[in-house]
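Below is one structure, written out as structure tokens; the observations come after it.
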Amino acid sequence: MDPVESEEKPSVFGKLLLEHRRALNWTQERLAVASGLSVRALRELERGRAKAAQQRSAEVLADALGLTDGDRELFLAVAKQGRRRGPAPETATCALPSPITDLCGREDEQALLSARAAEGGGVVAVVGQAGVGKTALAMAAADRLRPDYPDGCFAVDLRGMDEEPLSARTALDRLLRALGVGAGQVPATEADRSALLRVLVDGRRILLLLDNAADEAQVRPLLLTGPGCLTLVTCRRTLAGLEGARWVALDPLSDADAIVLLAGILGADRVDAEPGAARELVELCGYLPLAVRIAGNRLATRPRWSLAHLVERLRDERTRLRALSAGDLRLRPAFDLSYRGVSTGARSLFRRLATVPGSSFGPELAAVVSGATDADVREYLDELVDASLLQTTAEPDRYQFHDLIRLFAGERFEAEEDPAAGDLVLTHLLDKAADTARLFFPEAPESGRFGSRADARTWLDAEGDNWVAAQRTAARKGWHREVADLAAAMHWYSDGRSQQRPWWEIFSLGADSANAVGDVVTEAKLLNFLGWARHVCLDDTEGAVASHRHALDIATRAGDRTEVAWANIYLGYILRLVGQPAEAFGHAERGYELAGELPFWTGQCSARNVYGHALREAGRHAEALAIHRAVLEEAEAGKHDAYPDIHRMLTSMTLRGMGDVHAALAEWQEAAGLYRTSRWLAWEAGFTPVEAICALNEGRAWRKAGAVEEARECLTLVVELSEEPAAHARRDEALAELALLPAPS
């Protein structure tokens with residue numbers, strides 16, 4: 001029977017000896033007989049009072065235990081290591097490098113690494129794209145944590161981006177030698193070397209930095225996972241398959257930290273002299289530490305260059321990557337190493353994704369540009385994310401490039417692909433966006449090729465940046481018919497989304513394209529849409545009037561009574577706002593007369609509502625109310641002929657018109673009630689600008705009716721809903737109204 005074990009901490013050799021003895025189910029007495037060593041000597045070794053056996057004793061014990069091959073090598077190597085005195089030496093090949101002295105920002109990441117160390121060590125992977133500063137952060141953290149690891153701090157450059165990365169077997173040899181294992185005592189196989197490493201560090205506090213790793217398979221045999229040890233790994237790949245690891249994912253620097261880094265290289269005086277150029281410079285560098293360092297070094301070695309001069313050179317996307325080089329610091333080769341490290345299919349997808357015109361994309365557009373199956377596309381996307389060539393976004397299943405990597409992808413596309421492949425995604429976006437937007441026409445069927453309106457709205461919202469950018473690109477290419485068709489399809493979808501897209505640009509490009517192909521009917525229609533966008537989105541009433549007058553002129557000459565009607569309706573509304581009531585009344589009346597020319601009953605109702613506004617402005621209140629009430633009746637009768645949001649919007653606008661009539665008569669309670677119902681309908685339909693306008697009118701009506709708290713509630717809502725620059729005038733009106741209210745009790 002074994003004696004009771006003491007509380008003394010066993011040595012590494014003692015623990016290994018105890019494991020082998022118990023594996024045979026032997027007592028100390030039996031091992032003593034087999035080896036010729038005394039029971040007392042064995043007890044001293046297993047308890048740690050003796051750190052290791054002498055060479056001859058270790059060999060005798062190995063024979064007695066029947067150890068062969070790698071097990072015997074490891075047993076004897078540990079015995080030899082245990083006979084050494086003092087902490088393990090840090091050899092030159094595995095010593096921690098000197099940290100970078102101008103590390104900027106990264107306070108949160110450094111705190112996180114310190115917290116990981118305090119939690120007991122383990123494995124922490126610092127991951128991110130090329131040039132983001134992984135090594136700099138890890139080196140700084142290792143240097144700062146050095147006092148917490150008195151038994152040794154080591155580093156190995158795994159050369160993961162080289163054509164032949166350092167093998168785990170070679171890295172283990174270096175580490176074992178650094179830990180004092182003689183050349184003749186290093187086991188031959190990778191597995192035995194890994195086992196010896198773990199035995200040697202057991203019970204010690206050691207920090208290991210594995211820099212520039214290639215993949216999980218390379219680093220797995222090198223990890224120090226025992227209590228008291230910390231392994232820091234840096235890698236461009238995410239190392240998602242690394243068991244038990246924790247991750248610190250590095251993003252580019254903040255604007256402020258990037259400028260601090262630039263100032264540290266150039267000197268604060270030089271940066272302070274050109275603050276605007278400095279901000280643009282770090283933005284053009286994508287806030288990537290390596291790129292900022294390169295730009296800074298170029299300027300530092302060219303003291304006569306201004307920051308603005310380098311900014312001018314970097315603005316050209318075609319030459320930006322070439323310009324971001326200084327000595328042996330170059331950005332393009334760093335990206336190329338990551339690119340060459342992924343599969344052929346992933347490389348093809350990577351370069352073709354450069355043709356996606358917007359800022360982000362999902363698997364759908366990735367499949368369009370690549371022609372691959374959905375399963376393959378998802379596999380390639382994951383591979384590119386793991387290689388830090390793509391980034392995920394906050395939206396599920398959405399991806400994006402870092403700006404500089406996108407430029408690199410574009411270079412690879414131009415070098416390796418047929419230029420015609422770039423048209424695939426443009427054609428897809430233009431066609432699908434136009435077809436999907438047509439589902440929002442008032443009398444369109446609820447579903448079609450692209451599903452329900454809810455599905456259509458989701459797709460158009462998610463891919464908005466892409467189809468807007470596709471229209472711009474198509475306009476530059478001279479695809480005039482596609483550009484005009486897309487703009488014409490967007491009219492009804494744009495209602496209620498006045499601040500979500502640059503509608504003035506969308507409709508302007510469409511009108512110019514319609515003009516280019518001589519389609520005067522579409523040109524007049526898009527000029528009317530453009531007038532709406534200038535008024536609602538830009539608060540440019542003069543520009544809106546000019547667009548509608550142009551549309552009226554073209555439509556009149558073309559004999560297009562529909563667009564003549566719409567131009568009159570718009571002018572009848574907007575001219576009132578610019579102080580031309582007489583002309584406004586004439587146009588509103590003409591629009592009312594032509595209402596029957598409009599193809600949608602909702603449009604006809606809009607024409608009548610505008611005429612009702614004109615009657616109110618002319619002091620003909622009873623007639624105005626009669627017009628609006630008739631519209632309400634017609635809207636109720638035709639509610640099943642339009643989708644619900646359009647019906648809610650029309651009803652909301654009509655009730656608001658009735659509220660305006662009661663307000664003109666100083667009937668504030670009645671006006672406020674109508675405005676409130678109008679506001680709720682606009683909210684239900686998702687038309688935020690209309691909701692804000694109704695809330696402003698309602699708040700003013702409640703104030704004049706003496707209902708202070710109701711007024712405060714409405715006016716406060718207006719301020720909350722009017723953050724966009726185009727809505728600031730409305731916000732200012734609400735703030736002025738709030739100032740007229742007594743202070744809350």
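It should be emphasised that the depicted structure is a prediction, and the values quoted were computed from it without experimental measurement.
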Would R347 and S343 count as a side-chain hydrogen bond (donor to acceptor under 3.5 Å, both in side chains) if you check the C-alpha gap in whole Å, the side-chain angles of each, and the deciding distance to 0.1 Å?
CA-CA 6 Å; R347 286 200 300 272; S343 68; over 6 Å; no

Begin with the C-alpha distance, continue with both residues' side-chain angles, and end with the deciding distance and a verdict on side-chain contact (heavy atoms from CB on, under 4.5 Å) for W247 and V124.
CA-CA 6 Å; W247 286 264; V124 181; over 6 Å; no

Please test R398 against E463 for salt bridge (charged side-chain N to carboxylate O under 4.0 Å, His left out), starting from the C-alpha separation and ending with a verdict.
CA-CA 10 Å; R398 299 291 294 184; E463 299 298 348; 2.6 Å; yes

Residue pair L166, R174: steps toward the side-chain contact (heavy atoms from CB on, under 4.5 Å) verdict
CA-CA 11 Å; L166 191 71; R174 294 182 183 179; 3.8 Å; yes

Apply salt bridge (charged side-chain N to carboxylate O under 4.0 Å, His left out) to the pair E109 and R106, showing each step before the final yes or no.
CA-CA 5 Å; E109 291 85 354; R106 306 305 190 197; 3.8 Å; yes

Between E416 and R412, is the salt bridge (charged side-chain N to carboxylate O under 4.0 Å, His left out) condition met? List the steps.
CA-CA 6 Å; E416 301 180 52; R412 298 321 317 150; 3.0 Å; yes

For F335 and L404, run side-chain contact (heavy atoms from CB on, under 4.5 Å): C-alpha distance rounded to whole Å, both residues' side-chain angles, the deciding distance at 0.1 Å, then the answer.
CA-CA 9 Å; F335 294 160; L404 295 178; 3.9 Å; yes

Given side-chain hydrogen bond (donor to acceptor under 3.5 Å, both in side chains), test R322 with T319 step by step and report yes or no.
CA-CA 5 Å; R322 189 186 315 158; T319 59; 6.0 Å; no

How far apart are the C-alpha atoms of L381 and Y399, what are their side-chain angles, what is the distance that settles it, and do they pass the side-chain contact (heavy atoms from CB on, under 4.5 Å) test?
CA-CA 8 Å; L381 287 170; Y399 305 85; 3.6 Å; yes

Yes or no on salt bridge (charged side-chain N to carboxylate O under 4.0 Å, His left out) for D374 and R378, after CA distance, side-chain angles and deciding distance?
CA-CA 6 Å; D374 182 68; R378 290 183 179 276; 3.3 Å; yes

T170 and D173: side-chain hydrogen bond (donor to acceptor under 3.5 Å, both in side chains), yes or no, with the steps?
CA-CA 5 Å; T170 301; D173 178 75; over 6 Å; no

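The closest side-chain heavy-atom distance from D211 to L158 is not below 4.5 Å. Taking 4.5 Å as the limit, every side-chain heavy atom of L207 sits out of range of all side-chain heavy atoms of R146. Using a 4.5 Å heavy-atom threshold, the side chains of L223 and L242 count as touching. L266 has its side chain within reach of L307: a pair of non-hydrogen atoms, C-beta onward, lies under 4.5 Å apart. You'll find the side chain of E505 reaches within 4.5 Å of the side chain of R472, heavy atoms only. Using a 4.5 Å heavy-atom cutoff, the side chains of V282 and L253 are not in contact. Residues R293 and I265 are in side-chain contact: their nearest non-hydrogen atoms beyond the backbone lie under 4.5 Å apart. Side-chain contact between L137 and Q110 is present, with heavy atoms from C-beta onward closer than 4.5 Å.
Salt bridge D192/R169: absent, no basic N to carboxylate O contact under 4.0 Å. Comment: K477 engages D423 in a salt bridge, judged by a side-chain N to carboxylate O separation of less than 4.0 angstrom. Ionic pairing of R159 and D157 is not present here: no N-O contact between side-chain nitrogen and carboxylate oxygen is shorter than 4.0 angstrom. Ion pairing of E411 with R332 is present here, as a side-chain N (NZ or NE/NH1/NH2) and a carboxylate O approach within less than 4.0 Å.
The two atoms that bring V132 and L288 nearest to each other are CA-CD1, 3.9 Å, heavy atoms only. L299 and S306 get closest at one heavy-atom pair: CD2-O, 3.7 Å. Closest approach of C235 to A213, counting heavy atoms only: SG-O, 3.1 Å. The minimum heavy-atom distance linking L349 with V377 is given by the pair CD2-O, 4.2 Å. The minimum heavy-atom distance between I259 and A278, with the atom names listed, is CG1-O, 4.4 Å. In terms of heavy atoms, Y149 sits closest to A117 at OH-CB, 3.6 Å.
Going from atom CG of L208 over to atom CG of L96 covers 9.0 Å, rounded to the nearest 0.5 Å. Here the SG atom belonging to C229 is positioned 9.5 Å from the CZ atom belonging to R204, to the nearest 0.5 angstrom. Note: Q500 CD to L460 CG = 10.5 Å, rounded to the nearest 0.5 Å. The distance from atom OG of S338 to atom CG of D386, rounded to the nearest 0.5 Å, is 12.0 Å. Considering CZ of R406 and CD of E317, their distance stands at 8.5 Å, rounded to 0.5 Å. Note: L113 CG to L145 CG = 7.5 Å, rounded to the nearest 0.5 Å.
The backbone N or O of A256 lies less than 3.5 Å from no partner atom in the side chain of R279, so there is not a single donor-acceptor pair. Remark: side-chain polar atoms of R352 are paired, donor with acceptor, to backbone N or O of V369 under 3.5 angstrom. A distance-only check finds a donor-acceptor pair linking the side chain of H728 to the backbone of E723 [under 3.5 Å]. One N or O on the side chain of S388 and one on the backbone of R236 form a donor-acceptor pair closer than 3.5 Å. Checked by atom type and distance alone, the side chain of N466 pairs as donor or acceptor with a backbone atom of S360 at under 3.5 Å. Checking side-chain atoms of D215 against main-chain N and O of Q218 turns up a donor-acceptor pair under 3.5 Å. A donor-acceptor pair is defined here as one N or O able to donate and one able to accept, closer than 3.5 Å; such a pair exists between the side chain of R198 and the backbone of S194. A distance-only check finds no donor-acceptor pair linking the side chain of Q400 to the backbone of T392 [under 3.5 Å]. Remark: the backbone N or O of P187 is paired with a side-chain donor or acceptor of R193 at under 3.5 angstrom. Between the side chain of E274 and the backbone N or O of A308 there is at least one donor-acceptor pair closer than 3.5 Å.
Around CD of E164, the count of heavy atoms belonging to other residues, nucleotides or ligands within 6.0 Å does not exceed 12. Other residues, nucleotides and ligands contribute at most 12 non-hydrogen atoms within 6.0 Å of the CZ atom of R318.
Below 30°, between 30° and 60°, or above 60°: for F350 and Y339 the angle between ring planes is between 30° and 60°, a tilted geometry.
Residue F154 is tested with L224, T231, I206 for a side-chain contact (heavy atoms from CB on, under 4.5 Å); the sole match is I206. V248 pairs in a side-chain contact (heavy atoms from CB on, under 4.5 Å) with only one of the listed residues (L112, V127, T234, L232), which is L112.
With a 6.0 Å cutoff to the six-membered ring centre and a 45° limit on the axis angle, R351 does not count as a cation-pi contact of F413.
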